[in-house]
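Residues: numbered from 1 along the sequence shown. Hydrogens, waters and symmetry mates are skipped; everything else that's a heavy atom, side chains included, is used. Quick caveat: nothing in here was measured; it's all calculated off a predicted structure.
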Amino acid sequence: MRIGRPTAALSVLLATACGAAETGDSPPPIGEVKKVMSANDISLPLDAYDLTSEERSALQQVYDLMGTACMKEKGFKVTMPERRPEDAESIYGRRYFIINMAEAERYGYRPSRMMEKKEKQSPSGLESKAALTAWLGHDPDDESQDPNSGKGCGAAAHSILEEGVGQDSDVVIHELSAESWHRSEEDSRMQKVFKAWSSCMAKYGFEYTTPIQSNNDKRWQQKVVSDLEIATAKADISCKQKTNLPGMWLALESAYQKRAIETHSEALRIRREAWDKRMRNAHKALGG
């Protein structure tokens with residue numbers, strides 16, 4: 001559930017075939033239930049096998065560098081946008097829905113990055129069809145073409161990053177991560193906390209069974225943030241803090257992820273080694 005996605009070219013590299021989901025019938029035991037007050041308090045076992053924000057940034061730099069150089073050779077000047085680095089808030093800020101009181105007091109249920117001025121995240125210099133064709137590697141008007149085919153200058157770094165990588169696995173970390181989230185949500189221990197949170201919300205005058213319902217309330221889809229939305233969001237977070245809902249959710253999800261790691265340990269090891277090789281290629285391309 002990460003936010004702040006890489007560009008399409010980098011997404012081609014990150015994409016893999018569907019992997020097996022984590023399975024298990026009996027609920028796993030949980031460890032310490034920590035207090036979770038912000039995104040900085042959240043880390044999960046699968047993080048060790050995924051790319052860090054620094055690694056994603058380095059990969060994007062290589063794609064930007066190689067992409068602009070490729071376009072220059074073809075006679076086009078392309079300027080890449082300033083990339084906003086990932087931080088804890090963009091990665092895990094909404095993993096267990098709103099937990100940031102300062103943000104809720106201002107924006108209700110809406111992420112600040114959606115409400116504040118958006119930065120341009122696409123390259124400039126691709127306005128002409130010829131330039132866009134060179135960037136994509138195919139006619140942009142041809143809907144039969146795969147937009148992520150990786151044939152154009154936008155994916156020029158792909159072959160460089162893949163050099164010497166060799167064996168990789170088809171395990172999809174984000175699938176395992178999503179599976180652990182859903183399993184922890186459905187866990188009876190989490191359902192008890194949801195009930196406690198719901199009772200707390202009722203005392204504030206709000207009727208919701210789970211924070212998923214409050215987060216997805218259709219009234220929050222209006223353009224203007226209402227006083228009701230802000231009041232609901234503040235009560236939501238207060239009840240999360242009183243019941244330590246995000247802390248229990250983190251403990252449960254961590255337990256399910258540990259089980260997934262045990263099940264897919266060899267595939268995850270191979271995947272991480274493959275990414276380590278790509279990262280060495282990336283640092284070499286950046287002169288490191």
At their closest point, which heavy atom of [X] faces which heavy atom of [Y], and how far apart are they?
| X | Y | result |
| --- | --- | --- |
| A134 | M71 | CB-SD, 3.8 Å |
| A157 | V62 | CB-CG1, 3.6 Å |
| E229 | R110 | OE1-NH2, 2.8 Å |
| W135 | P123 | CZ2-CG, 4.1 Å |
| A233 | A104 | CB-CB, 3.9 Å |
| G154 | Y63 | O-CD2, 3.4 Å |

Short N-O contact, [X] and [Y], less than 4.0 angstrom:
| X | Y | answer |
| --- | --- | --- |
| D276 | R280 | no |
| R259 | E262 | no |
| K277 | E273 | no |

Does [X], at its [atom1] atom, have more than 12 non-hydrogen atoms belonging to other residues, nucleotides or ligands within less than 6.0 Å?
| X | atom1 | value |
| --- | --- | --- |
| K234 | NZ | no |
| K35 | NZ | yes |
| D227 | CG | no |

Does the side chain of [Y] come within less than 4.5 Å of [X]'s, by heavy atoms?
| X | Y | value |
| --- | --- | --- |
| W197 | K242 | no |
| M37 | I99 | no |
| S198 | T210 | no |
| F206 | S214 | no |
| L268 | L46 | yes |
| M190 | S184 | no |
| E55 | D50 | no |
| I30 | M248 | yes |

Treating [X] as the side-chain partner and [Y] as the backbone partner, does any N or O pair qualify as donor plus acceptor under 3.5 Å?
| X | Y | value |
| --- | --- | --- |
| E127 | G125 | yes |
| S254 | L44 | no |
| T232 | L228 | yes |
| R278 | E162 | no |
| K34 | L250 | no |
| D41 | V36 | no |
| S169 | A267 | yes |
| S177 | I173 | no |
| Q213 | T209 | yes |
| S57 | E54 | no |

Distance-only polar pair, side chains of [X] and [Y], donor-acceptor under 3.5 Å:
| X | Y | answer |
| --- | --- | --- |
| Y256 | D187 | yes |
| S90 | D87 | yes |
| D217 | Y109 | no |
| W275 | D168 | no |

After noting the C-alpha distance and the side-chain angles of C153 and K74, does the key distance pass the side chain to side chain contact (heavy atoms under 4.5 Å, CB included) rule? CA-CA 9 Å; C153 285; K74 294 180 181 293; 3.5 Å; yes
Pair R95-E253, side chain to side chain contact (heavy atoms under 4.5 Å, CB included): steps then yes or no: CA-CA 11 Å; R95 183 104 183 152; E253 186 174 15; 2.3 Å; yes
Quick one: [atom1] on [X] to [atom2] on [Y], what's the gap to the nearest 0.5 Å?
| X | Y | atom1 | atom2 | result |
| --- | --- | --- | --- | --- |
| M201 | D236 | CE | CG | 5.0 Å |
| I261 | Q257 | CD1 | CD | 6.5 Å |
| T52 | I91 | OG1 | CD1 | 8.5 Å |
| S43 | Y92 | OG | OH | 7.5 Å |
| R94 | N215 | CZ | CG | 6.5 Å |
| E103 | S112 | CD | OG | 4.0 Å |

Parallel under 30°, tilted from 30 to 60°, perpendicular over 60°: which one fits the rings of F194 and W249? perpendicular
Would [X] and [Y] show up in the same hydrophobic cluster when neighbours are defined by side-chain heavy atoms closer than 4.5 Å?
| X | Y | value |
| --- | --- | --- |
| F76 | L136 | yes |
| V165 | M279 | no |
| L245 | M101 | yes |

Intermediate values then yes/no, side chain to side chain contact (heavy atoms under 4.5 Å, CB included), K240 and F97: CA-CA 10 Å; K240 282 192 177 87; F97 303 98; 4.2 Å; yes
Full working for side chain to side chain contact (heavy atoms under 4.5 Å, CB included) between R183 and L252: CA-CA 9 Å; R183 284 183 174 274; L252 283 167; over 6 Å; no
